[in-house]
Trainee: 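Questions regarding the structure given below will be posed in turn.
These numbers come from a predicted model, not from an experiment.
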Amino acid sequence: MTEKNANNGARAAENLTELKVRMKRFINEAVIPHEAALLTGDSHHLMEDLKAQAKAQGLWALGHPSELGGGGLPFMDFAHLNEIIGRSYFGQMAVGSISMQDSIMLHRFGSETQKEAWLDPLVAGDIYPSVGLTEPDVAGSDPTLMQSRGVLEGDEWVINGRKWFTSGANVAAFTTVFCETEPEQQRHGKFSAIIVPTNTPGYEIKRVVKTMGDTVGGHCELELKDVRVPAANILGERGKGFTIAQKRLGPGRIFHCMRWLGQAQRAFELMCEYAGKRYAHGSLLSEKGEIQRYIAESAAEIQAARLMTLDAARVMDGGDDARVQIALIKFWGARMLHNVIDRAIQIHGALGVTEDTPLEFMYREARYARIYDGPDEVHRMTVARKLVQDPIGNAPW
């Protein structure tokens, strides 16, 4: 493994409250003032500078296991921090948490050779990962319909297929491609995960898909044409791709929910600040009953989502997959995020849809929350099935 970051020594013993204060100061004072510049296409050097600052201040990769060079924080502690990191869209990149679900996947299923090649530089922030799961011609919410194929020829996997919404593939060093390798098996046993370096012949980014507004996610459409990689590039066991994908998606979903709290809280603060100074029709907006309702309902929804998220983190910290808890907060948190930002825009009026505040960008990004890593409808279905099956044992209370 690589040399551990200098800031890892006594972090586990550091008071979480102080760590939260330092993280909030870094996000508010170092990251948020540069958001406009980071939204431009030529911001690599600026992000590298922010990453260097985070490392120097002991704020880098805090949620990664300490044996990987990360901070080794318990999941629950990191939930509190990620809430703060999420105040800025760029926070997770600046402090090394953007790749956590991929590092967890590699740490759990990767061979020692794979960890040395990909995991060490991933945690260090030297490279970025990407995952090829969703495909353009089949429903992304049902991965058992994947059409990409991998065939073992001698000591090489030969992969053919198409992927899209492979986020970050345009800057990634590798893509973990999920494809069918065991056609004779039943639904969930057909697929495997294979690590494909993005410079492999036959790996082509057809386009960076233009999405709502001018977002910066780098959602790529890929074509894999007779892509050949060593047989040793398979991640985990053959036919275990579905299991690996689920083990990656679980933590990834709750990471999203943690960040949404930070976004919602920032929108809430902007809402309250503006309502407290904007004068119209004989009084401040904050003195009007309808605006007070917006503020009170937003506070209630944020706190409800926050408690649900922390509960899911608590269950995961105890070793459970927290499937019901994560599904609940995934659809509830997405709704909360939209509602709070929408009310903040409404209170700002025309100003809210301009680039003079971060709200219009936050609103566009919030709309994705109801789709990525499983749409609301699938998560509601999961919860309902589990609760009907065993309303006592599967209920989160």
Side-chain angles (χ1 to χ4, degrees), residues 20-21 23-25 27-29 31-36 38-39 79-92 212-216 256-312 328-372 376 379-380:
K20 289 166 63 178
V21 169
M23 181 64 79
K24 191 168 185 177
R25 183 185 305 123
I27 296 296
N28 285 349
E29 297 179 6
V31 180
I32 287 177
H34 295 295
E35 284 179 332
L38 289 166
L39 280 170
H80 286 281
L81 277 184
N82 211 16
E83 181 179 4
I84 297 168
I85 293 167
R87 290 177 62 83
S88 173
Y89 176 88
F90 299 98
Q92 58 179 336
M212 186 190 331
D214 187 23
T215 58
V216 293
H256 288 314
C257 296
M258 294 171 186
R259 291 187 294 101
W260 296 343
L261 291 170
Q263 286 284 285
Q265 289 165 16
R266 187 176 170 196
F268 180 79
E269 292 163 12
L270 291 169
M271 177 195 311
C272 292
E273 179 185 1
Y274 195 76
K277 67 182 181 183
R278 187 66 164 182
Y279 185 90
H281 303 287
S283 65
L284 294 171
L285 294 183
S286 60
E287 296 171 340
K288 301 182 186 299
E290 185 70 357
I291 303 303
Q292 291 171 348
R293 181 176 70 85
Y294 286 174
I295 292 170
E297 289 184 352
S298 295
E301 290 180 23
I302 292 171
Q303 183 66 350
R306 186 171 186 271
L307 295 175
M308 290 172 67
T309 303
L310 292 174
D311 184 59
L328 280 170
I329 191 54
K330 177 62 170 62
F331 74 78
W332 179 265
R335 180 194 301 173
M336 174 279 299
L337 179 66
H338 171 273
N339 288 349
V340 174
I341 298 174
D342 184 69
R343 293 185 192 116
I345 289 175
Q346 193 70 15
I347 286 177
H348 280 74
L351 176 62
V353 296
T354 71
E355 293 183 353
D356 290 356
T357 81
L359 292 171
E360 60 86 25
F361 175 76
M362 293 165 67
Y363 187 80
R364 287 185 278 117
E365 290 297 323
R367 185 57 185 87
Y368 293 77
R370 293 183 54 208
I371 299 174
Y372 56 60
D376 288 359
H379 290 295
R380 283 194 287 263

Trainee: In Å and rounded to the nearest 0.5 Å, what is the CG to CD1 distance from Leu261 to Ile329?
Mentor: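 One finds 6.5 Å between CG of Leu261 and CD1 of Ile329.
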Trainee: Please assess His80 against Leu310 for the test side-chain contact (heavy atoms from CB on, under 4.5 Å), listing each intermediate value before the final yes or no.
Mentor: CA-CA 8 Å; His80 286 281; Leu310 292 174; 3.8 Å; yes
Trainee: Ring pair (Phe, Tyr, Trp, His ring centres under 6.0 Å): which pairs involve residues 336-356, sequence neighbours left out?
Mentor: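 Sorted result for residues 336-356: Tyr274-His348, His338-Tyr363.
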Trainee: Supply the atom-to-atom distance Ile291 CD1 to Cys272 SG, rounded to the nearest 0.5 angstrom.
Mentor: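 Spacing of CD1 (Ile291) from SG (Cys272) equals 11.0 Å.
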Trainee: Is the shortest heavy-atom distance from the side chain of Arg343 to the side chain of Glu297 under 4.5 Å?
Mentor: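 Counting from C-beta outward, Arg343 and Glu297 do come under 4.5 Å.
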Trainee: Calculate, to the nearest 0.5 Å, the distance between atoms CG and CG belonging to Asp356 and Leu351 respectively.
Mentor: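 Separation between the atoms: 6.0 Å.
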Trainee: Please check if the number of heavy atoms outside Glu287 that lie under 6.0 Å from its CD is greater than 12.
Mentor: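 Counting other residues, nucleotides and ligands, CD of Glu287 exceeds 12 neighbours.
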Trainee: If every non-hydrogen atom of Ala264 is compared with every non-hydrogen atom of Val340, which pair is closest and at what distance?
Mentor: O-CG1, 3.5 Å
Trainee: Restricting to non-hydrogen atoms, name the atom on Ala267 and the atom on Ile341 that form the minimum distance, rounded to 0.1 Å.
Mentor: CB-CG1, 3.9 Å
Trainee: Find out whether His379 and Asp376 are in side-chain contact, i.e. whether some heavy atom of one side chain is under 4.5 Å from a heavy atom of the other.
Mentor: no
Trainee: Does CD in Glu355 sit with more than 12 non-hydrogen atoms of other residues, nucleotides or ligands closer than 6.0 Å?
Mentor: no
Trainee: Strictly distance-based, threshold 3.5 Å: is any side-chain N or O of Lys330 a donor or acceptor partner for the main-chain N or O of Ala369?
Mentor: yes
Trainee: Using a 4.5 Å cut-off on heavy atoms from C-beta on, say whether the side chain of Thr354 contacts that of Glu360.
Mentor: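 Heavy-atom side-chain distance check fails, nothing below 4.5 Å.
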Trainee: Nearest heavy-atom pair of Ile85 and Gly91: which atoms, and what distance?
Mentor: CG2-C, 3.4 Å
Trainee: Taking all heavy atoms of Ala334 and all of Trp260, pick out the closest pair and write down the distance.
Mentor: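 Where Ala334 meets Trp260 most closely, the heavy atoms are N-CZ3, 3.3 Å.
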Trainee: Using side-chain heavy atoms (C-beta onward) and a distance below 4.5 Å, is Pro358 in contact with Leu270?
Mentor: yes
Trainee: Is Arg266 paired with Glu269 through a side-chain N to carboxylate O contact shorter than 4.0 Å?
Mentor: no
Trainee: How long is the span from the CZ atom in Arg87 to the CG atom in Asn28, to the nearest 0.5 Å?
Mentor: 4.5 Å
Trainee: How many angstroms lie between CG in Asn339 and CD in Glu301, if you round to the nearest 0.5 Å?
Mentor: 4.5 Å
Trainee: Can you tell me how far CG of Leu284 sits from CZ of Arg278, rounded to the nearest 0.5 angstrom?
Mentor: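 The CG atom of Leu284 is 11.0 Å from CZ of Arg278, to the nearest 0.5 Å.
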Trainee: Are His256 and Tyr372 close enough that their ring centers fall under 6.0 Å?
Mentor: yes
Trainee: Quick one: closest heavy-atom pair of Ser298 and Met271, and the distance?
Mentor: OG-CE, 3.5 Å
Trainee: Side chains of Met23 and Lys20: does their closest heavy-atom pair fall under 4.5 Å?
Mentor: no
Trainee: Short question: side chain of Gln292, backbone of Ser286 - any donor-acceptor pair under 3.5 Å?
Mentor: yes
Trainee: Grab the two heavy atoms, one from Lys288 and one from Ala280, that are nearest each other, plus how far apart they are.
Mentor: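 Shortest heavy-atom separation between Lys288 and Ala280 comes out as NZ-O, 2.9 Å.
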Trainee: Is a donor on one side and an acceptor on the other found under 3.5 Å between the side chain of Glu35 and the backbone of Phe90?
Mentor: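 Such a contact is absent between Glu35 side chain and Phe90 backbone.
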